[in-house]
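Per chain, numbering begins at 1; letters A, B, ... match sequence-line order. Computed over heavy atoms, backbone and side chain alike; hydrogens, waters and symmetry mates excluded. No experiment lies behind these values; they were computed from the predicted model shown.
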Protein chains: 2
Amino acid sequence: MSQGNNDVSVEPTQACVAGDAPFTPGQAKACTVREVLDRVGGKWSIGILVAASQGPVRFTELERHVEGISRRMLTLTLRNLERDGLLSRTVYPTVPPKVEYTATPIALELYDSLVALTSWAERHRNAIAEARTAYDRAHGGTA
Amino acid sequence: MSQGNNDVSVEPTQACVAGDAPFTPGQAKACTVREVLDRVGGKWSIGILVAASQGPVRFTELERHVEGISRRMLTLTLRNLERDGLLSRTVYPTVPPKVEYTATPIALELYDSLVALTSWAERHRNAIAEARTAYDRAHGGTA
DNA sequence: CAGTATCCCAGCAGATACTG
DNA sequence: CAGTATCTGCTGGGATACTG
C-alpha cells in the first residue's frame with residue numbers, strides 16, 4: 001500500500017486528523033468522518049436508516065422492526081435523522097394518526113456507503129473476536 | 001434503486017435490524033455494522049487509525065497529531081484498537097521508553113472503507129447543515 | 001517517553017406514565 | 001397511532017496528578 005513513509009511526525013498543517021490521505025485532494029477533511037459517525041453512530045440510527053431505506057415505514061413498524069429500541073430513543077433518533085435531512089417525515093392527518101418515514105436520497109447514498117463498512121465487519125469479524133480473546137488472555141488473564 | 005417494496009412490516013426473522021439488504025446473502029448481519037461503529041465510532045478512534053495508517057507512530061506523536069485528545073483517551077482508544085487487532089504495539093525496551101503503533105492490514109482495509117464515508121460526508125456536508133438550519137427554524141425558531 | 005490512576009461532568013440511553 | 005415528559009443510570013470523555 002501507499003503508506004511506506006513513516007514521517008508522521010511532520011506537522012499535520014491542521015488541527016484535525018491526518019489530511020494528506022489519498023482521498024483528500026489537498027485539505028484535511030477527515031474531520032467530517034467524525035461528524036458522520038456522530039450522526040450515524042448512534043446506537044439506533046443505522047437500524048432505523050436501514051429500515052427506512054427499504055421504503056416508507058411507520059412509527060410502530062419501526063418499533064417492531066428494530067425491536068430493542070424504546071419509544072423515546074426511536075423518537076429521538078427519528079428527529080435527529082429528520083433534522084439532518086436523512087429522513088423525510090410525512091404526516092397523514094387521519095383520525096388515527098399516520099406518519100411515514102422515508103429515507104432521503106442522501107440517506108440512501110449513506111446506506112450504500114455503509115455496505116463497505118458492513119463487508120469489512122463481515123470479513124474481519126472473527127479476526128477481531130480472536131484478537132480480543134487473545135488480548136484478554138494475555139493481559140487480563142495473567143494478572 | 002431496489003427499495004420499491006414497502007413490506008418492511010414483515011418479520012425481520014432476527015432480533016436485529018433489517019437483514020435482507022442487497023449485500024447480505026441470506027442472513028441478517030447488519031448488526032455487525034453497529035459493532036464496527038461501536039469500535040470505530042469512538043471520538044478519537046478514527047483520528048488515531050488514520051494517523052497510524054501512514055506508518056508507525058509513537059505515543060507522543062499521536063498526542064500532537066490528534067491534538068484535541070487527552071492522555072487518558074489516547075491510551076484508552078489505543079488499548080481498544082490494539083485489543084481488536086487493529087493496531088499493533090511495538091515496545092522498544094530502551095532507556096527512554098519507545099512504543100510504536102502500527103495499523104494492521106485489517107485496519108488499513110477499514111481505513112479504505114472509511115473513504116466511502118468521508119466522501120459521502122464531503123458531498124452532503126452542506127445539505128445536512130442546511131437541513132439542520134431549516135429544521136431548527138421551522139420547529140424551534142417558531143416556538 | 002509512555003503510560004496509569006482518580007475525580008467529575010455531560011450526554012446517551014432505558015423504563016415508565018401521560019396525551020393529542 | 002404517534003408521540004411527549006420525567007426520572008434515573010451508565011458509559012464516554014475531559015482534566016489533572018502521579019509513576020516506571
Side-chain angles (χ1 to χ4, degrees), chain A residues 8-9 15 17 31 34-35 37-48 51-52 56-84 87-102 135 139-140 143, chain B residues 6 8-9 15 17 34-35 37-48 51-52 56-84 87-102 135 139-140 143:
Chain A
V8 191
S9 53
V17 293
C31 283
R34 259 231 59 78
E35 291 176 24
L37 264 350
D38 275 350
R39 217 177 304 282
V40 180
K43 191 174 182 181
W44 305 106
S45 301
I46 295 188
I48 293 176
V57 217
R58 298 181 61 176
F59 190 88
T60 316
E61 285 180 332
L62 281 169
E63 211 169 357
R64 284 178 305 184
H65 189 80
V66 183
E67 281 209 40
I69 198 170
S70 66
R71 276 235 173 83
R72 196 184 100 94
M73 275 301 107
L74 181 54
T75 305
L76 242 69
T77 314
L78 244 22
R79 280 225 177 272
N80 268 323
L81 260 21
E82 186 199 353
R83 194 166 98 105
D84 290 345
L87 284 184
S88 62
R89 180 169 174 269
T90 313
V91 182
Y92 298 89
T94 55
V95 181
K98 180 182 176 182
V99 181
E100 279 188 345
Y101 293 91
T102 319
Y135 183 94
H139 295 253
Chain B
N6 58 351
V8 192
S9 53
V17 294
R34 260 232 59 80
E35 292 175 25
L37 264 350
D38 275 349
R39 217 178 304 282
V40 180
K43 191 172 184 181
W44 306 107
S45 300
I46 294 189
I48 293 176
V57 216
R58 297 182 60 175
F59 190 88
T60 314
E61 285 180 331
L62 281 170
E63 211 169 358
R64 284 179 306 185
H65 188 80
V66 182
E67 282 210 39
I69 198 169
S70 65
R71 276 235 173 86
R72 195 185 99 94
M73 274 302 107
L74 181 54
T75 306
L76 241 68
T77 315
L78 245 22
R79 279 223 175 273
N80 268 323
L81 259 22
E82 186 199 354
R83 194 166 98 105
D84 289 346
L87 285 184
S88 62
R89 182 169 173 268
T90 313
V91 183
Y92 298 89
T94 54
V95 181
K98 180 182 176 183
V99 181
E100 277 188 347
Y101 293 91
T102 318
Y135 183 94
H139 296 252

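You'll find the side chain of B:Val66 stays beyond 4.5 Å of the side chain of B:Leu74, heavy atoms only.
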Verdict with supporting geometry, B:Leu87 and B:Arg89, side chain to side chain contact (heavy atoms under 4.5 Å, CB included): CA-CA 6 Å; B:Leu87 285 184; B:Arg89 182 169 173 268; over 6 Å; no
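Rounded to the nearest 0.5 angstrom, B:Ile69 CD1 and B:Trp44 CH2 are separated by 5.5 Å. Rounding to the nearest 0.5 Å gives a distance of 6.0 Å between CG of B:Leu78 and CG of B:Leu62. For the atom pair CZ of A:Arg79 and NE2 of B:His139, the computed distance is 6.5 Å after rounding to the nearest 0.5 Å. Once rounded to the nearest 0.5 Å, the distance linking CD of B:Glu82 with CG of B:Asp84 reads 10.0 Å.
Checking C:dG14, C:dG3, D:dG13 against every side-chain atom of B:Phe59, the shortest atom distance belongs to C:dG3. Of the candidates C:dG14, C:dG20, C:dC1, C:dG14 carries the atom nearest the A:Lys43 side chain, counting heavy atoms from C-beta on.
Residue A:Arg58 is in sugar-phosphate contact alone, with no base atom involved, counting any heavy-atom pair closer than 4.0 Å across all strands shown. At the heavy-atom level, A:Thr75 lies under 4.0 Å from base atoms of the strands shown. Looking at heavy-atom distances under 4.0 Å, B:Tyr92 makes no contact with the nucleic acid at all. A:Arg72 comes within 4.0 angstrom of a nucleotide base, judged by non-hydrogen atoms across all strands.
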For DNA chain D, the dot-bracket notation using Watson-Crick and G-U wobble pairs below 3.5 Å, [ ] for pseudoknot-type crossings and | for other-strand pairs, is ||||||||||||||||||||
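In this structure, CG of B:Asn80 is placed 14 Å from P of C:dG3, rounded to the nearest angstrom. Distance CZ (B:Arg71) to P (D:dA15): 13 Å, rounded to an integer number of Å. Across the protein-nucleic acid pair, B:Ile69 atom CD1 and D:dA15 atom P stand 11 Å apart, rounded to whole Å. The interatomic distance linking B:Leu62 (CG) with C:dC1 (P) rounds to 14 Å, in whole Å. For the pair B:Leu74 CG and C:dA5 C1', the interatomic distance rounds to 16 Å; values are reported in whole Å. In this structure, the NE2 atom of B:His65 is 18 Å from the P atom of C:dC1, given to the nearest Å. In this entry the distance linking NZ of B:Lys98 with C1' of D:dG20 reads 19 Å, nearest Å. At whole-Å resolution of the value, CZ in A:Arg89 and C1' in D:dA2 are 8 Å apart.
Summary of the strand contacts: A:Leu76 and B:Leu76 both lie near DNA chain C, and taking for each the nucleotide with the nearest heavy atom, the more 5' one is attributed to B:Leu76.
Under the 3.5 Å distance criterion, the side-chain polar atoms of B:Thr75 are matched with a main-chain donor or acceptor of B:Arg71.
Between B:Thr60 and C:dA2 there is a side-chain N or O to OP1 or OP2 distance below 4.0 Å. Checking the phosphate oxygens (OP1, OP2) of C:dC12, no side-chain nitrogen or oxygen of A:Trp44 falls inside 4.0 Å. Within the structure, a side-chain polar atom (N or O) of B:Tyr101 is placed less than 4.0 Å from OP1 or OP2 of C:dG3. A:Arg79 has no side-chain polar atom (N or O) that falls below the 4.0 Å cut-off from OP1 or OP2 of D:dG3.
For B:Pro56 against B:Glu61, the heavy-atom pair with the smallest separation is O-OE1, 4.2 Å.
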